[in-house]
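To keep things clear, I will list the structure first and then write my remarks on it.
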There are 2 protein chains.
Amino acid sequence: MPDTAPISRIRSGRRTDIRQQNERMILDAAERVFAEAGFGGATMQLIADMAGLPKANLHYYFPTKEALYRRVVRNIFEIWLDAASSFDDAAGPVEGIGAYVEAKMLISRQHPHGSKVWATEVMHGAPVIQDYLETTLRDWTEGRIAVIQRWIDQGQMAPIDPRHLLYMLWATTQHYADFGHQIETLNAGHPLTDRQWREATESVKQIILRGIGAL
Amino acid sequence: MPDTAPISRIRSGRRTDIRQQNERMILDAAERVFAEAGFGGATMQLIADMAGLPKANLHYYFPTKEALYRRVVRNIFEIWLDAASSFDDAAGPVEGIGAYVEAKMLISRQHPHGSKVWATEVMHGAPVIQDYLETTLRDWTEGRIAVIQRWIDQGQMAPIDPRHLLYMLWATTQHYADFGHQIETLNAGHPLTDRQWREATESVKQIILRGIGAL
DNA sequence: TCATTTTCTGACCGTATGGTCAATACGAAA
DNA sequence: TTTCGTATTGACCATACGGTCAGAAAATGA
């Protein structure tokens with residue numbers, strides 16, 4: 001209707017919109033399929049069907065299956081890293097680790113497929129994201145170890161090996177995404193309710209915070 | 001040479017030996033390949049090569065890829081269940097959960113491939129072992145929950161939701177197998193040493209036992 | 001030695017998959 | 001309307017894979 005719509009938005013916006021929208025649909029579908037079937041088991045045809053596009057159109061946006069997979073894995077990794085900030089601006093372990101657990105539990109609930117893709121990738125020896133592990137993740141880990149060590153030195157928690165504490169944080173929170181199907185089966189076949197998610201988060205927080213002597 | 005070798009052993013033993021030996025080699029190779037490539041990514045050819053047999057010979061012992069996969073998953077599940085006994089004959093949480101953590105950490109170290117196959121299977125929605133989840137695992141879980149609840153009622157530990165405690169035990173111990181590659185990368189590229197495995201086990205035990213108020 | 005059962009294997013087949021391509025449709029600017 | 005770059009798609013191809021099979025080769029027992 002408005003004939004005075006912003007030129008810039010129309011000029012470069014419209015086309016980019018189509019591209020962005022299709023890429024998003026493809027990435028969402030790919031995340032699900034890769035999570036449920038693995039890289040080898042996933043087929044471009046199934047991803048295409050799920051995204052509502054012909055298969056040839058997929059290859060227009062993502063040249064190869066591996067390129068598509070790379071993007072999916074990278075997306076998850078970035079979501080993960082964002083949750084890390086919870087850690088930094090915290091005065092002590094109760095606040096910092098508590099917030100980190102909450103953030104990661106939320107991701108497990110909102111991005112279960114992504115978590116599974118990541119887990120599978122690592123289990124297969126990280127053929128695609130080995131460089132991330134050796135650079136970004138390693139740096140991040142060192143930084144957090146330093147933070148935890150400081151808390152220990154300040155007497156805010158017991159002298160736990162920070163490395164194993166981090167592994168435990170990752171393991172417990174991601175378990176609710178990666179093994180969600182098993183948990184659901186053991187929950188009489190029903191997905192966890194809001195209340196159960198809260199209880200899970202609180203249980204994890206309490207056990208770990210008490211376990212490291214921070215409570 | 002000895003013409004008086006036990007008849008019974010030769011009669012039914014020899015042939016079974018060949019069969020058992022080959023099945024074992026195939027299962028070991030299959031476990032590795034399935035763990036590293038997933039069901040879809042694994043190829044019968046690769047499993048055959050790794051077992052040192054022609055592909056057609058595989059199909060002589062295991063009619064289909066899925067049959068082979070089923071056997072691999074079942075084997076792991078049974079190893080897992082054996083570790084459960086640590087739980088039962090224990091007077092309290094320190095002894096019971098401590099022994100369980102140690103048993104499961106040992107399995108993570110000795111059967112990392114099996115753990116990965118199991119994890120992948122569950123992440124894919126347990127298409128092959130859903131019945132196990134709904135029967136054996138569910139029963140086992142209920143039994144352990146009762147044990148933990150008794151410990152709580154007896155005041156031997158804090159009132160933690162037993163279910164989430166179990167999930168935490170599974171998550172933390174299996175993490176050292178399933179994410180072994182990531183841990184190795186963060187360990188300067190070296191596998192954990194004996195000492196590091198002991199430290200990991202102790203860290204997990206301490207945090208959890210203190211976390212549930214059992215220490 | 002001979003007969004029988006088990007084990008082994010190369011060659012082969014149908015199918016499914018990742019990827020290509022030429023042709024077409026579409027949208028924006030002139 | 002014409003032009004031009006972007007987006008779309010059906011048809012097609014080469015390959016790789018799971019699985020089959022007939023027959024050879026061992027192993028076993030008489």
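FYI, side chains are in, hydrogens and waters are out, and symmetry mates aren't considered; it's all heavy atoms of this structure.
- Using a 4.0 Å cut-off between charged nitrogen and carboxylate oxygen, Glu121(A) and Arg70(A) do not count as a salt-bridge pair.
- Counting heavy atoms of neighbouring residues, nucleotides and ligands inside a 6.0 Å radius, atom CE of Met50(A) exceeds 12 of them.
- In this structure, NZ of Lys65(A) is placed 17 Å from C1' of dT20(C), rounded to the nearest angstrom.
- A perpendicular orientation is assigned to the rings of Phe39(B) and Tyr69(B), their planes being inclined by more than 60° (bins at 30° and 60°).
- Separating the CE atom of Met25(B) from the C1' atom of dT7(C) is a distance of 15 Å, rounded to the nearest angstrom.
- Listed by residue number, there are no residues of residues 38-53 of chain A with a heavy-atom contact under 4.0 Å to DNA chain D.
- There is no side-chain donor-acceptor pair under 3.5 Å between Ser203(B) and Asp161(A).
- What separates CZ of Phe62(B) from P of dC8(C) is a distance of 13 Å, to the nearest Å.
- For the residue pair His181(A) / Gln130(B), a side-chain donor-acceptor distance below 3.5 Å is found, with atom types taken as modelled.
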Next item on the list: Starting at the 5' end of nucleotides 10-15 of chain C, put B wherever the base has a protein heavy atom under 4.0 Å, S where only the sugar-phosphate does, and a dash everywhere else.
Entry: B-----
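- Taking the six-membered ring wherever Trp is involved, the centroid distance between the rings of Phe77(B) and Trp118(B) falls below 6.0 Å.
- The CG atom of Asp17(A) sits 10 Å away from the P atom of dA28(C) (whole-angstrom rounding).
- Checking dA7(D), dG19(D), dT9(C) against the side-chain heavy atoms of Asn57(B) singles out dT9(C) as nearest.
- At least one side-chain nitrogen or oxygen of Tyr60(B) sits closer than 4.0 Å to the OP1 or OP2 atom of dT7(C).
- Note on Arg19(B): a side-chain N or O is less than 4.0 Å away from OP1 or OP2 of dT7(C).
- If you check the side chains of His111(B) and Glu31(B), you find no donor sitting under 3.5 Å from an acceptor.
- Atom CD1 in Ile26(B) sits roughly 12 Å away from atom C1' in dC8(C) (whole-Å rounding).
- Across all their heavy atoms, Arg71(A) and Leu27(A) have their closest contact at NH2-CD1, 3.4 Å.
- Aromatic ring orientation, Tyr176(A) versus Tyr167(B): perpendicular (interplanar angle above 60°, classes split at 30° and 60°).
- When the P atom of dT17(C) is taken as reference, atom CG of Leu58(A) falls 14 Å away, rounded to whole Å.
- The CD-C1' distance, from Gln21(B) to dA27(D), rounds to 15 Å in whole Å.
- For Tyr61(A) and dG19(C), the OH to P distance is 18 Å, given to the nearest whole Å.
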